[in-house]
Amino acid sequence: MAFLFILPTWPIDVWTAAMRKVAPDLDVRVWPDRIGNVEDIEYCAAWLPPPGVVKSLPNLKVIMSLGAGVDAILKDPTLPGNVPIVRVNDPDLTGRMTEYIVLHVLMHHRQQRRLDENQRKKIWDSFPTHAARDLSVGIMGMGVMGADSAVRLRDLGFRVAGWSRSPKTIPGVESFAGEAEFDAFLARTDVLISLLPATPDTDGIINRGTIAKLSRNGPFGAPIVINAGRGRQHVAEDILAALDSGELHAATLDVFTPEPLPPESPLWTHPKVTITPHCAADSDPETICAYVAGNIRKHQSGEALDNLVDMSRGY
Ligand code: NAP
Ligand code: GLV
């Protein structure tokens with residue numbers, strides 16, 4: 001039995017070293033040049049696998065995403081339909097995302113970019129501030145990541161609601177579910193966060209129409225958007241137009257289509273946009289390799305795999 005890494009864009013030596021450390025007995029192979037006999041490979045772990053690579057492994061038993069999202073694996077049209085896919089659900093990854101979401105909600109709430117600008121210009125301007133309870137935060141996607149961020153933001157005093165396919169029961173967090181409740185969710189939301197998976201249903205969900213339905217009753221008079229889900233979920237032109245017209249107060253974007261964000265994108269230099277390079281929640285090699293190795297051991301001893309992707313839902 002062998003295990004294969006398919007990581008065309010990640011530092012492969014770091015990942016193989018981490019896997020050797022947590023699972024010294026595992027026969028670790030690397031696509032494309034250290035793959036050996038493809039018939040040996042029963043498990044693979046991938047991030048952005050090129051189409052056709054997974055199909056070329058005839059004895060594959062499980063495909064593992066090295067992140068929470070599986071969109072890059074599912075988009076391979078040659079993907080074998082009968083091989084289970086497992087995604088990452090790990091407290092380390094979730095904690096990193098929660099830090100990012102809390103950081104950016106607070107950054108907008110406390111107007112840190114305005115303060116930075118004032119410092120650069122040596123302007124002492126102690127403008128009025130507002131309380132966390134004055135800001136309604138709405139999280140699209142109330143899975144592992146969304147629920148954790150919701151609880152932390154609630155504990156800081158923000159008015160928090162979540163929107164997902166199915167309703168959730170989290171004390172102090174209002175729940176909205178499905179298309180029928182989307183407009184009501186938007187109408188109460190001053191800060192819209194996406195922690196949705198990329199699926200055909202969520203593509204382009206942050207568009208001009210969605211932005212127009214957001215609350216304008218918050219302290220800034222216009223809403224704020226934070227997208228740490230996937231780039232496919234926001235329409236960049238709509239965000240830019242809404243920022244320029246004043247329909248949107250500010251945006252934080254961590255994910256883009258395409259990635260890397262091209263230098264010519266106007267998002268880079270827009271004064272109301274904060275850009276981060278898809279780093280909201282990085283996969284830590286040792287932590288995630290331990291998670292992957294644990295799942296392999298479970299599968300080999302006949303136990304159920306953790307965090308299986310539901311192919312019919314696409315996440
Ligand atoms: P998850 O546990 O699968 O949660 C997904 C949530 O989205 C669920 O609450 C689900 O609703 C909801 N959802 C899916 N489709 C929907 C739809 N059409 N309408 C309404 N709600 C919908 O996933 P997760 O672990 O929280 O991760 C979420 C996403 O975060 C990943 O897929 C990935 O794209 C992104 N991510 C980004 C980074 C980064 O660095 N930027 C890092 C990690 C993850 P139900 O609960 O009803 O099923
Ligand atoms: C990162 O984007 C992930 O899906 O984990």
Side-chain angles (χ1 to χ4, degrees), residues 7 9-10 45-49 64-75 85-101 103-104 138-152 160-170 173 175-186 189 192-206 210 225-234 252-257 259-261 274-285 287-288 291-292 306-315:
L7 301 180
T9 60
W10 283 3
W47 188 253
L48 306 182
M64 309 201 184
S65 168
L66 287 181
V70 288
D71 42 299
I73 293 176
L74 292 178
K75 80 173 185 198
I85 303 175
V86 163
R87 68 186 202 91
V88 172
N89 167 5
D90 180 88
D92 180 84
L93 193 71
T94 305
R96 288 167 192 247
M97 180 59 85
T98 300
E99 287 171 7
Y100 182 90
I101 297 297
L103 170 71
H104 285 269
I139 303 177
M140 298 192 289
M142 285 293 285
V144 174
M145 306 260 163
D148 197 64
S149 290
V151 166
R152 300 297 188 104
V160 183
W163 179 73
S164 39
R165 289 200 333 165
S166 53
K168 308 290 175 221
T169 308
I170 301 176
V173 176
S175 172
F176 294 83
E179 262 181 59
E181 296 182 6
F182 191 47
D183 286 3
F185 164 77
L186 296 175
T189 293
L192 180 70
I193 297 170
S194 178
L195 285 172
L196 287 164
T199 69
D201 288 341
T202 64
D203 278 352
I205 194 165
I206 307 172
T210 300
V225 161
I226 299 175
N227 186 8
R230 282 289 183 266
R232 282 161 49 179
Q233 286 154 15
H234 68 250
T252 286
L253 303 172
D254 182 58
V255 283
F256 304 89
T257 310
E259 290 181 5
L261 181 66
T274 300
I275 302 278
T276 53
H278 198 145
C279 62
D282 281 337
S283 293
D284 174 65
T287 311
I288 304 304
Y291 170 84
V292 166
D306 286 333
N307 304 304
L308 269 180
V309 172
D310 178 336
M311 305 288 248
S312 64
R313 293 185 318 185
Y315 63 96

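Order of listing sets the numbers, starting from 1, for every ligand and every atom in it.
A donor and an acceptor atom, one from each side chain of His278 and Asp254, are nowhere located under 3.5 Å apart. There is no side-chain donor-acceptor pair under 3.5 Å between Tyr100 and Thr252. Judged by distance alone, the side chains of Asp201 and Thr199 never bring a donor and an acceptor atom under 3.5 Å apart.
Each of the following atoms of ligand 1 lies closer than 4.0 Å to a heavy atom of Ala281: 39 (C), 40 (O), 42 (C). Under a 4.0 Å criterion applied to the non-hydrogen atoms of Ala280, ligand 1 contributes the atoms 39 (C), 40 (O), 41 (N). Close contacts between ligand 2 and His278 involve ligand atoms 1 (C), 2 (O) [criterion: under 4.0 Å to a heavy atom]. Set against the non-hydrogen atoms of Trp163, the atoms of ligand 1 under 4.0 Å away are 19 (N), 20 (C). Per-residue contacts place His278 under 4.0 angstrom from the following atoms of ligand 1 (heavy atoms of the residue considered): 39 (C), 40 (O), 41 (N). Within the listing of ligand 2, atoms 1 (C), 2 (O), 3 (C), 4 (O) sit less than 4.0 angstrom from a heavy atom of Arg230. Close approach of ligand 1 to Leu195 is summarised as follows: ligand atoms under 4.0 Å from at least one heavy atom of the residue are 28 (C), 29 (C).
Only the side chain of Val255 comes within 4.0 Å of ligand 1, counting heavy atoms alone; its backbone N, CA, C and O stay farther away. Looking at Asp254 against ligand 1, only its side chain comes within 4.0 Å, counting heavy atoms. Proximity of Lys168 to ligand 1, defined as any heavy-atom pair under 4.0 Å, is confined to the side chain (atoms from C-beta onward).
Counting heavy atoms from C-beta outward, Leu93 and Met145 have side chains that approach closer than 4.5 Å. Side chains of Phe182 and Trp163 form a contact here, defined as non-hydrogen atoms less than 4.5 Å apart. Residues Val88 and Tyr291 have side chains in contact (heavy-atom distance under 4.5 Å, counting atoms from C-beta outward). A 4.5 Å side-chain heavy-atom check between Asp71 and Arg230 finds at least one atom pair inside the cut-off. Using a 4.5 Å heavy-atom cutoff, the side chains of Ile193 and Met140 are not in contact. Put simply, the side chain of Leu253 does not reach to within 4.5 Å of the side chain of Thr276, judged on heavy atoms.
Taking CE from Met311 and CG from Leu74, the interatomic distance works out to 6.0 Å, rounded to the nearest 0.5 Å. Atoms OG1 and CG, from Thr210 and Leu192 in turn, are 8.0 Å apart once rounded to the nearest 0.5 Å. Interatomic distance, Ser149 OG to His104 NE2, rounded to the nearest 0.5 Å: 11.5 Å. Considering OG of Ser164 and CD of Glu181, their distance stands at 9.5 Å, rounded to 0.5 Å. Note: Ile101 CD1 to Leu103 CG = 9.5 Å, rounded to the nearest 0.5 Å.
Assignment of Arg87 to the shell around ligand 1 is supported, since a heavy atom sits closer than 4.0 Å. Within the 4.0 Å heavy-atom cutoff, Thr199 does not count among the residues contacting ligand 1. Ligand 1 is approached by Arg313 to a heavy-atom distance shorter than 4.0 Å.
Taking atom 48 (O) of ligand 1 as the reference point, the nearest protein heavy-atom neighbour is Tyr315 OH, 2.5 Å. The nearest protein atom to atom 33 (C) of ligand 1, hydrogens excluded, is given as Arg230 NH1, 3.5 Å; this is a heavy-atom distance. Scanning the protein heavy atoms around atom 44 (C) of ligand 1, the nearest turns out to be Ala68 CB, 3.7 Å. Given atom 17 (C) of ligand 1, the protein heavy atom at minimum distance is Arg165 CG, 3.4 Å. Among protein heavy atoms, the minimum distance from atom 38 (C) of ligand 1 is reached at Met97 CE, 3.3 Å. Atom 13 (N) of ligand 1 has Leu196 CD2, 3.6 Å as its closest protein atom, hydrogens excluded (heavy atom only). If you check which protein heavy atom lies closest to atom 5 (O) of ligand 2, you get Ala68 N, 2.7 Å. Taking atom 8 (C) of ligand 1 as the reference point, the nearest protein heavy-atom neighbour is Gly143 N, 3.6 Å. When only non-hydrogen protein atoms are considered, atom 24 (P) of ligand 1 lies nearest to Met145 CG, 3.5 Å.
Taking all heavy atoms of Asp310, Asn227, Asp201, Asp90 into account, the minimum distance to atom 18 (N) of ligand 1 is reached by Asp201. The residue from Ser166, Ala228, Gly69 that puts a heavy atom closest to atom 36 (N) of ligand 1 is Ala228. Within the set Pro197, Pro277, Pro200, the minimum heavy-atom distance to atom 7 (O) of ligand 1 is found for Pro197.
Residue contacts with ligand 2: Gly69 is placed with a nitrogen or oxygen under 3.5 Å of a nitrogen or oxygen of the ligand (distance criterion only). In terms of polar-atom proximity, Val144 is counted as a contact of ligand 1, with an N or O under 3.5 Å from an N or O of the ligand. Where the criterion is an N or O separation shorter than 3.5 Å, residue side chain and backbone included, Gly141 fails it with respect to ligand 1. Residue Met142 has at least one N or O atom closer than 3.5 Å to an N or O atom of ligand 1. The shortest N or O to N or O distance between Leu93 and ligand 1 is not under 3.5 Å.
Counting all heavy atoms, side chain and backbone alike, Gly67 lies closest to Ser65 at O-OG, 2.9 Å. Taking both residues in full, the closest heavy atoms of Leu66 and Ser283 are given as O-OG, 2.6 Å, listed atom of the first, atom of the second, then distance.
Between Asp282 and Arg96, no side-chain nitrogen of the basic residue sits less than 4.0 Å from a carboxylate oxygen of the acidic one, so the salt-bridge criterion is not met.
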